[in-house]
Participant: 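Starting off with a structure, shown below.
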Amino acid sequence: MKGPRNFTLLPDGKFLLVANQISNNITVYKVDNKTGLLEFTGNEISISQPVCLKF
């Protein structure tokens, strides 16, 4: 992950998406509902220079 530019929680609060402008992808993290800690899911979406995420 290079150049995280923006992030957002999904409306249900279970996942966090991070837009990585330099890596050209969006990465997905699971949010632990007890601790709030993040765990990378291994899922990512390739997209050219993402800069903003909105729901």
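Because only heavy atoms are used, hydrogens play no part in the values below, and waters and symmetry mates are left out as well, while side chains stay in. Just so it is clear, the model here is predicted, and its values are computed rather than measured.
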Participant: Checking side-chain polar atoms at under 3.5 Å, does S46 have a donor or acceptor matched by the opposite partner on N24?
Facilitator: no
Participant: Just jot down the side-chain hydrogen bond (donor to acceptor under 3.5 Å, both in side chains) partners of T35, sequence neighbours excluded, or say none.
Facilitator: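 So T35 forms a side-chain hydrogen bond (donor to acceptor under 3.5 Å, both in side chains) with D32.
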Participant: Taking atom CD1 of I45 and atom CG of N25, what is their separation to the nearest 0.5 Å?
Facilitator: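 Spacing of CD1 (I45) from CG (N25) equals 9.0 Å.
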Participant: Other than L37, which residues form its hydrophobic cluster under the rule that side-chain heavy atoms must be closer than 4.5 Å?
Facilitator: none
Participant: What do the steps show when you test N20 against I26 for side-chain contact (heavy atoms from CB on, under 4.5 Å), and what is the final call?
Facilitator: CA-CA 6 Å; N20 303 297; I26 296 171; 5.9 Å; no
Participant: Any chance you could pull the hydrophobic cluster mates of I22, using side-chain heavy atoms under 4.5 angstrom and chaining through other members?
Facilitator: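 Under the 4.5 Å side-chain rule, I22 groups with nothing.
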Participant: Less than 3.5 Å apart, which donor and acceptor atoms pair up between the side chains of residues 4-13 and the rest of the protein, not counting sequence neighbours?
Facilitator:
from	atom 1	to	atom 2	distance (Å)
R5	NH1	Q21	OE1	2.9
N6	OD1	L53	N	2.9
D12	OD1	K14	N	2.9

Participant: Please examine the side chains of V31 and L38, heavy atoms only from C-beta on, and report whether any two atoms are closer than 4.5 Å.
Facilitator: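 Yes. Closest side-chain heavy atoms under 4.5 Å.
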Participant: Is there a side-chain contact between E44 and V28 in this structure, where contact means two heavy atoms from C-beta onward sitting under 4.5 Å apart?
Facilitator: no
Participant: Which pairs pass ring pair (Phe, Tyr, Trp, His ring centres under 6.0 Å) with one or both residues in residues 32-55, sequence neighbours excluded?
Facilitator: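 Counting only pairs at least two positions apart or across chains, the ring pair (Phe, Tyr, Trp, His ring centres under 6.0 Å) contacts touching residues 32-55 are Y29-F40.
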Participant: Just jot down the side-chain hydrogen bond (donor to acceptor under 3.5 Å, both in side chains) partners of N43, sequence neighbours excluded, or say none.
Facilitator: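 Expected list: T41.
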